[in-house]
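The first residue in the sequence is number 1, and the count goes up from there. Given the structure is predicted, the values throughout are model-derived calculations rather than measurements.
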Amino acid sequence: MAGRISAQIIEQVRHANDVVDVIGAYFPLKKAGVNYRALCPFHKEKTPSFNVNPSKQMWKCFGCGAGGDVFKFVMQYENLDFIDAVRRLAEKAGIKIEVEDAGATQHRGEKELLLKLHEEVSAYFQENLKAGIAQRYLEKREISREVARKWRIGYSTESWDGLLQWAAGKKYQPELLEAAGLAIRTEEGRVYDRFRGRLMFSICDEQGRVIGFSGRILTDDKDQPKYVNSPETAIFQKGRVLFALDRAKRSIIEEKFAILCEGQIDTIACHEAGLTNVVAPQGTALTDQHARILRRYAEEVVLMYDADEAGQKAIIRSAEPLWEAGMAMRVAVIPGKDDPDSFIKTQGAEKLKELITNGGSFFIYLLEWLTKHHDPNTERGKLQIARQMAEWLVRLPSPVLVAKYAQETTLRLQIAGTSIEQEVLKLRQQRSPRPVVEPVPAVPEDLAEIELEPNQPAETLLLQLMLTDVRIVDLALERLESEWLTRSVAAQLIERVLQLHRDGHWDGPNTLMNEADDDDASKLAAELVVKPAPSQNLDAAATDCLGAMERVWVERRLRELRNQLSHTDLNSEQRDKILREVLDLQPKLRNIPALSMRKR
């Protein structure tokens with residue numbers, strides 16, 4: 001770490017960033033009792049198990065185990081270290097960061113610097129938009145200057161080093177432009193601009209920060225690719241980026257479905273026509289990550305790709321990750337050779353909205369597509385269509401829907417009425433003798449029960465009570481003997497809380513989260529803070545825990561002593577010492593109250 005931020009500043013930043021507001025800016029949270037809930041962004045799931053507790057300012061996923069405070073979330077979601085996460089949240093809250101040593105002022109995370117560079121490069125490209133060739137293209141596509149400004153559209157000049165020269169004037173080194181994917185170095189060591197003579201689209205993340213670019217050629221040069229996109233960088237992973245999601249996410253939530261199209265211009269045209277729940281994959285086919293991101297905002301997707309063969313094939317490919325993410329799918333088929341942009345210009349926005357509203361089931365579209373590519377009048381064609389439809393229908397959990405689409409298929413192929421359903425049944429039997437059931441989240445629906453570690457229930461419960469009320473920390477400091485603690489994660493955290501309290505640094509669970517480098521420790525602390533504490537008297541519960549921990553230690557110590565007594569090589573002095581300790585411990589064991597494991 002290049003520097004250290006004072007504890008006072010860290011707490012100021014924490015208090016200025018409500019955990020619900022911060023996480024809710026990345027993806028939607030739904031109220032669930034006293035907590036908020038969502039699909040976890042850190043692992044693949046269909047049932048929400050990611051919980052945020054506003055009163056404790058902590059979050060926890062009961063599916064994958066991840067958890068922590070607002071800093072921990074930003075660290076994991078943005079892949080930042082602690083210092084950069086504090087800086088990010090401080091900037092959001094308008095708090096000036098003061099670093100305690102001078103060396104840290106020179107330290108800026110690579111991601112922060114790349115984000116700053118991309119913002120400035122976007123502005124540079126927008127300044128170049130006045131070039132004649134770029135203006136003529138925008139006029140041809142009926143994109144006004146206001147729309148271009150709103151969507152941060154720009155132009156990269158024809159020069160081989162135009163951007164490099166601009167960057168040199170801003171004191172940016174060529175190596176940084178290489179790391180940003182904005183420049184390319186030849187084997188001979190010459191560096192040149194990646195984007196030249198192209199209309200430039202700024203690609204933003206879910207928070208609206210520029211993280212990459214897509215450049216469209218403006219000439220008819222067949223030797224050049226139509227689009228050149230930013231390569232993978234520290235801030236841009238194309239498999240996770242959906243163009244316009246930063247603008248569309250609120251509308252997707254309100255409309256309860258997302259519309260997927262193919263390119264930036266189609267997406268922009270839809271938004272400007274009032275269809276603001278439209279997004280597009282960025283420079284790649286739809287990925288599993290894209291689908292999981294969309295699933296955070298809605299449960300249904302309308303696929304609206306171009307009417308050409310490539311666009312229609314893309315619909316079939318996109319269905320796989322969407323289905324795996326648990327999303328319902330419809331298809332809006334654009335007639336003729338139109339794409340969404342040209343359809344809006346010729347038919348109007350209302351007609352496009354009708355196409356979307358009337359978009360049919362993906363399974364009906366799939367049947368139509370298969371009958372176009374395989375002749376349903378031949379035996380070979382019938383077999384191909386039947387098999388591919390069965391491959392998809394076997395995934396449907398509803399027998400009613402299977403029967404419905406199987407009937408559609410048999411009518412189209414003019415075959416026996418139950419043939420497709422029999423094929424589906426055969427596939428099901430081949431693939432799994434037992435139905436595959438979605439795992440139930442580890443936390444009950446109302447979070448009312450407490451699941452304790454089976455080996456150290458008393459330690460875990462005591463730790464939770466200590467994280468709930470500082471009075472329990474005082475109680476533990478007074479009564480707990482260090483030898484009662486095992487080697488569990490909970491025991492380690494108990495020792496750390498007590499040490500912080502002795503030193504006068506304990507200020508609640510967030511104190512622990514600030515320094516918890518151990519991932520298991522962070523997860524356990526977050527889990528216990530998010531779960532509700534026992535509802536009855538906390539002092540009595542803590543006393544129960546301390547009694548149980550002492551009992552376990554005494555029983556373990558007695559076993560050790562009896563084992564020692566079995567050794568034949570003990571002299572009389574050693575044997576007497578062991579017996580005295582046994583006699584001291586036995587009455588103590590009888591007087592220790594047992595922990596009541598009643599439901600709390």
Begin with the C-alpha distance, continue with both residues' side-chain angles, and end with the deciding distance and a verdict on side chain to side chain contact (heavy atoms under 4.5 Å, CB included) for Leu528 and Leu493. CA-CA 12 Å; Leu528 296 180; Leu493 288 172; over 6 Å; no

Salt bridge or not for Glu324 and Arg292, using N-O below 4.0 Å? no

Do side-chain atoms of Asp246 reach the backbone of Arg209 as a donor and acceptor pair under 3.5 angstrom? no

Please give me the minimum heavy-atom distance between Glu119 and Val210, naming the atom from each residue. OE2-N, 3.2 Å

So CG of Leu286 and CZ of Arg317: to nearest 0.5 Å the spacing works out to 10.0 Å

Separation between CD (Glu555) and CD (Glu550), nearest 0.5 Å, reads 11.0 Å

Close side-chain approach of Leu396 and Trp323, heavy atoms under 4.5 Å: yes

For Leu114, is there any backbone N or O sitting under 3.5 Å from a side-chain donor or acceptor partner on His118? yes

Can you name the closest pair of heavy atoms from Val86 and Val13 and give their distance? O-CG1, 3.9 Å

Check against side chain to side chain contact (heavy atoms under 4.5 Å, CB included), Arg14 and Asp69: CA-CA 9 Å; Arg14 185 198 307 282; Asp69 60 0; 2.7 Å; yes

Under the criterion salt bridge (Lys or Arg N to Asp or Glu O under 4.0 Å), which of Lys249, Arg296, Arg240 is the partner of Glu206? Arg296

Say whether, by atom type as modelled, one donor and one acceptor occur between the side chain of Thr287 and the main chain of Gly239 under 3.5 angstrom. yes

Counting C-beta onward and ignoring hydrogens, is there a side-chain heavy-atom pair between Thr486 and Val552 closer than 4.5 Å? no

Taking all atoms of both residues into account, what is the closest heavy-atom pair of Lys111 and Ala234, and its distance? CE-O, 3.2 Å

Does the side chain of Phe243 reach to within under 4.5 Å of the side chain of Pro281, using non-hydrogen atoms? no

Closest non-hydrogen atoms of Ile211 and Phe236, given as atom of the first, atom of the second and distance, are O-CB, 3.3 Å

Out of curiosity, Ile494 CD1 to Leu480 CG, how far, rounded to the nearest 0.5 Å? 6.5 Å

Any chance CD of Glu483 has more than 12 other-residue heavy atoms, nucleotides or ligands included, within less than 6.0 Å? yes

Looking only at heavy atoms, the pair that brings Gly24 and Leu29 closest together is N-CD1, 3.9 Å

Should the heavy atoms of other residues, nucleotides or ligands under 6.0 Å from CZ of Arg250 be counted, would the total exceed 12? no

Determine yes or no for a side-chain-to-main-chain donor-acceptor pair under 3.5 angstrom, with His290 supplying the side chain and Lys238 the backbone. yes

Could you walk me through whether Lys116 and Glu120 pass the salt bridge (Lys or Arg N to Asp or Glu O under 4.0 Å) test, one step at a time? CA-CA 6 Å; Lys116 179 175 180 289; Glu120 294 186 24; 3.0 Å; yes

Distance check, rounded to the nearest 0.5 Å: Ile252 atom CD1 versus Glu300 atom CD? 12.0 Å

Which is it for Lys577 and Gln574 under the side chain to side chain contact (heavy atoms under 4.5 Å, CB included) test, yes or no, and what are the steps along the way? CA-CA 5 Å; Lys577 183 180 178 181; Gln574 291 171 325; 5.8 Å; no

Measure across Ala298 and Met327 and return the closest heavy-atom pair with its distance rounded to 0.1 Å. O-CE, 3.2 Å

Out of Phe27, Tyr36, Phe62, which residue meets the ring pair (Phe, Tyr, Trp, His ring centres under 6.0 Å) rule with Phe50? Phe27

Taking C-beta and beyond as the side chain, do Tyr26 and Asp205 meet within less than 4.5 Å on heavy atoms? no

Are Trp392 and Phe362 close enough that their ring centres sit under 6.0 Å apart? yes

Is any side-chain N of the basic residue among Arg557 and Glu581 closer than 4.0 Å to the acidic one's carboxylate O? yes

Could you tell me whether the side chain of Ile10 reaches within less than 4.5 Å of the side chain of Phe71, counting heavy atoms only? yes

Starting from the C-alpha separation in whole Å, work towards a yes-or-no answer on side chain to side chain contact (heavy atoms under 4.5 Å, CB included) for Val473 and Leu477. CA-CA 6 Å; Val473 182; Leu477 197 61; 5.5 Å; no

Given side chains that start at C-beta, do those of Met466 and Leu498 come closer than 4.5 Å, heavy atoms only? yes

Sub-6.0 Å ring centroid separation between Tyr77 and Trp59: no

Under a 4.5 Å cut-off applied to non-hydrogen side-chain atoms, are Ile203 and Asn229 in contact? no

Pairwise side-chain contact, Val279 with Leu294, heavy-atom cut-off 4.5 Å (strictly under): yes

Side chains of Asp18 and Gln57: is there a donor and an acceptor less than 3.5 Å apart? yes

Distance in Å, Lys96 NZ paired with Ile9 CD1, rounded so as to fall on 0.5 Å steps: 10.0 Å

Could you check whether any side-chain N or O of Lys60 sits under 3.5 Å from a backbone N or O of Gly65, counting only pairs where one atom can act as donor and the other as acceptor? yes

Rounded to the nearest 0.5 Å, how far does CE of Met58 lie from NZ of Lys72? 10.5 Å

Got more than 12 heavy atoms from elsewhere within 6.0 Å of CD, Glu299? no

